[in-house]
Participant: 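My structure is below; once you've seen it, I'll send some questions.
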2 protein chains.
Amino acid sequence: MESARKAARRAEVERNDRALLRAARAVVAEDGAHAAVATIAARAGVGVGTLYRRYPTKEQLFQHLCSLALDDYLRAAEEGLAHDDPWRGFEHYLTAAVLSGTGGLGAIAGTITVTEEMSATAARGDAAAEELVRRAHDAAVLRADVGPVDIALLIEQLGRSPLVEQLTQQGRTDLVEAAEHARRRVIAVALDGLRAPAPTPLPDPPPGWELFSERWRLPDGPTAP
Amino acid sequence: MESARKAARRAEVERNDRALLRAARAVVAEDGAHAAVATIAARAGVGVGTLYRRYPTKEQLFQHLCSLALDDYLRAAEEGLAHDDPWRGFEHYLTAAVLSGTGGLGAIAGTITVTEEMSATAARGDAAAEELVRRAHDAAVLRADVGPVDIALLIEQLGRSPLVEQLTQQGRTDLVEAAEHARRRVIAVALDGLRAPAPTPLPDPPPGWELFSERWRLPDGPTAP
DNA sequence: CCTTGTGCGGAGCGATCTGCTCCGCACTAC
DNA sequence: GTAGTGCGGAGCAGATCGCTCCGCACAAGG
């Protein structure tokens, strides 16, 4: 049975790939763009050779990582739109986006070459998010003075969890679970702050998307003379 | 006038020191614990020699940085307690702690030796924060289901601003101001989510301080067999 | 003018860490 | 036994790190 063996091989390869991606996401969240390839491979429990057979370059691995993160973000928004209840949909979008574990990837934005596909997915995600916010506004369940960019910023702020990362790095797995529970409480607090009606008006006018448009660009030469 | 000259020297030295500390805080926020000494010196506009005359070691610089950050935190809490209005005091504490610009220092916790003074200041800050929360609870202005550790975690989450850091690094100073305004809006949203009465109960029981007690410890050997 | 004192910048040193290559090994099918 | 296949990790060249140290600018006293 040759095909069975082939299938088993493929399954193992896929398992390795998934472990690799999960490890990469975690390590990047902890170490930022300086994350070393060896660290990622070790965390995934594979050798660097295995990593390099799948991703010929560190940058390609990071690109794939970002691509998946953008997919997650788009999915979170689309799932939110699929809900009938506008608030429930919004809630799902925000929670899923924050908890997708992709929050640390903002750290490598600007260090990789952005592909067409990535920017297209990002645009679709932003459009879906905008629609989600509009719908929640129309139903008067989301406070009127927040805009979609406020939400994006909030997601970014909550997307990383320095505490969980540090506890993971210190190997205090016993505390990690408690930290994640605590994180969900913080998310719930933020969501309550977003409900209509607003108890107090927000300062300054709502920010525009231009804040994030620079996000996915190559960095200029560092302090060129 | 010898003393005048001496005073001028001292003034310049002090200016240098302040620039150094501010640069160090910014660079650490952006690069984490891997922040290079040369980067800090360059950002401050001085040579590495000047930096090393003041701080004989990178670790000593980082320790001083953390010490100042803990002072800021303690001051924020004490200023909050000085307010007559419990909510205003709480608001001041949270806002000041978040905006003190010391949020990025959690990244170097665990990489430096913690001094007695640091842990003492941290303890005093936590005690003051706890008192602040208790007072706000008694006045029924703070939602009853959040505890002081929830607040500490929220401060940590909002303390860093990846977006502002990236924009700074890219030299888009024009957008930085807008990003900071947007950040204040997010803080305001979070504060509204903390007001009593709570629209929805929070999940899980409130976390305890043990989540943070491991924060200021030396890291164990990495993945010891 | 020169000498002395003082704080500064940054070239450069050795050690460490980086992305990446490549080879020996375990394992299976025949 | 032989061939095929995917794996782990030692090891290489170069980049980067913390830190030292020396030449320089500048002011005061002679």
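Letters A, B, ... are given to chains in the order of the sequence lines, protein chains preceding strands, and every chain is numbered from 1. In this text, all values refer to a predicted model and were calculated from it rather than measured experimentally.
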Participant: What closest approach, in Å, do B:Leu202 and A:Ala188 show between heavy atoms, and which atom pair accounts for it?
Facilitator: CD2-CB, 3.5 Å

Participant: Show the nearest heavy-atom pair for residues A:Glu130 and A:Pro148, with the distance to one decimal.
Facilitator: CG-CG, 3.9 Å

Participant: Hey, is CD on A:Glu177 packed in by over 12 heavy atoms from elsewhere, all under 6.0 Å?
Facilitator: no

Participant: If every non-hydrogen atom of A:Tyr73 is compared with every non-hydrogen atom of A:Ala97, which pair is closest and at what distance?
Facilitator: CD1-CB, 4.1 Å

Participant: At under 4.0 Å between heavy atoms, which parts of nucleotides 8-23 of chain D does protein reach? Answer with one letter per nucleotide, 5' to 3': B base, S sugar-phosphate only, - none.
Facilitator: SBB------SSBB---

Participant: Are there more than 12 heavy atoms of other residues, nucleotides or ligands under 6.0 Å from atom CZ of A:Arg184?
Facilitator: no

Participant: Rounded to whole angstroms, how far apart are CD1 on A:Ile40 and C1' on C:dC17?
Facilitator: 15 Å

Participant: For B:Leu51 and C:dA11, give me the distance from atom CG to atom C1', rounded to whole Å.
Facilitator: 17 Å

